[in-house]
Amino acid sequence: DAGITQSPRYKITETGRQVTLMCHQTWSHSYMFWYRQDLGHGLRLIYYSAAADITDKGEVPDGYVVSRSKTENFPLTLESATRSQTSVYFCASSAPPKFYGYTFGSGTRLTVV
Amino acid sequence: SQQGEEDPQALSIQEGENATMNCSYKTSINNLQWYRQNSGRGLVHLILIRSNEREKHSGRLRVTLDTSKKSSSLLITASRAADTASYFCATAPNAGNNRKLIWGLGTSLAVNP
């Protein structure tokens with residue numbers, strides 16, 4: 001998806017390790033979001049940000065940390081990875097959702113062993 | 001906290017047939033959006049319909065919205081094998097901060113050649 005990139009595409013890590021997933025957008029969208037997608041649960045919001053230095057919790061924030069020092073970057077850190085955090089993670093960006101849809105990255109498939 | 005519920009959960013049709021998916025939601029909305037997700041990829045925004053609109057078209061897509069019934073439908077006409085994907089509806093609530101979309105669990109569409 002042009003304009004929003006996630007890295008890495010795939011990641012395998014061990015339980016207890018710290019892992020950071022990167023998200024970069026080139027549209028200067030004010031809003032950015034992190035979701036995880038698991039079978040049977042659909043998309044669940046982890047954290048979101050309305051602007052640089054403004055972040056807020058979503059439905060499932062425990063075990064995750066975010067920062068947004070620059071508008072274009074919104075990294076997601078798993079402080080101490082657990083097997084339950086094995087999932088596909090999607091970053092998205094948007095102008096105000098009242099008027100616009102989201103643009104998603106291609107996702108990061110994370111496996112915690 | 002899924003608001004949207006898509007129906008059916010899975011749909012299998014032949015190429016050239018029309019596919020109809022439905023979405024129901026619970027609270028007052030500002031807009032409703034439909035997204036497509038191909039296997040292993042991020043979601044792609046298809047169409048946004050505002051609460052004061054009843055019908056919207058985009059190519060082979062037709063979306064209707066009935067706010068009195070709190071429901072929407074997505075019609076794909078003359079389906080192609082390339083339309084095989086999962087389709088999600090998402091709503092932007094009217095009340096509170098509508099910075100976050102609320103997602104359904106999706107309809108899995110298979111278009112057989």
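What's counted below: heavy atoms across the whole structure, side chains too, no hydrogens, waters or symmetry copies. A quick note: this is a predicted structure, and the numbers were derived from the prediction, not measured. Throughout, a chain's letter reflects where its sequence line sits, starting with A, and its residues are numbered from 1.
Using a 4.5 Å cut-off on side-chain heavy atoms (C-beta onward), B:Q33 and A:Y100 make no contact. Inter-residue side-chain proximity for A:T103 and B:V44 is flagged as unmet; no heavy-atom pair is nearer than 4.5 Å. The closest side-chain heavy-atom distance from B:K100 to A:L45 is below 4.5 Å.
Scanning for side-chain hydrogen bond (donor to acceptor under 3.5 Å, both in side chains) contacts around B:S86 gives an empty result, with sequence neighbours left out. With sequence neighbours left out, B:R60 forms a salt bridge (Lys or Arg N to Asp or Glu O under 4.0 Å) with B:D83.
Clustering ILVMFWY residues whenever any of their side-chain heavy atoms sit less than 4.5 angstrom apart, transitively, puts B:L43 in a cluster other than the one holding A:Y89.
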Margin query: Go through it in stages, so that I can follow the logic: the residues are B:L105 and A:L43, the test is side chain to side chain contact (heavy atoms under 4.5 Å, CB included), and I'd like the CA-CA distance, side-chain angles, deciding distance and then a yes or no.
Written below: CA-CA 7 Å; B:L105 293 178; A:L43 282 169; over 6 Å; no
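Here the OH-CG distance, from A:Y102 to B:L101, works out to 3.5 Å after rounding to the nearest 0.5 Å. If you take CZ on A:F104 and CZ on B:R41, they are separated by 13.5 Å, rounding to the nearest 0.5 Å.
Surrounding CZ of A:R9 are more than 12 heavy atoms belonging to other residues, nucleotides or ligands, all under 6.0 Å away. Heavy atoms from other residues, nucleotides or ligands lying under 6.0 Å from CD of B:Q9 number 12 at most. Dense packing is recorded around CG of B:L75, with more than 12 heavy atoms of other residues, nucleotides or ligands lying under 6.0 Å away.
When each of A:Q6, A:Q37, A:R109 is checked for heavy-atom pairs under 4.5 Å with chain B, A:Q37 comes out on top.
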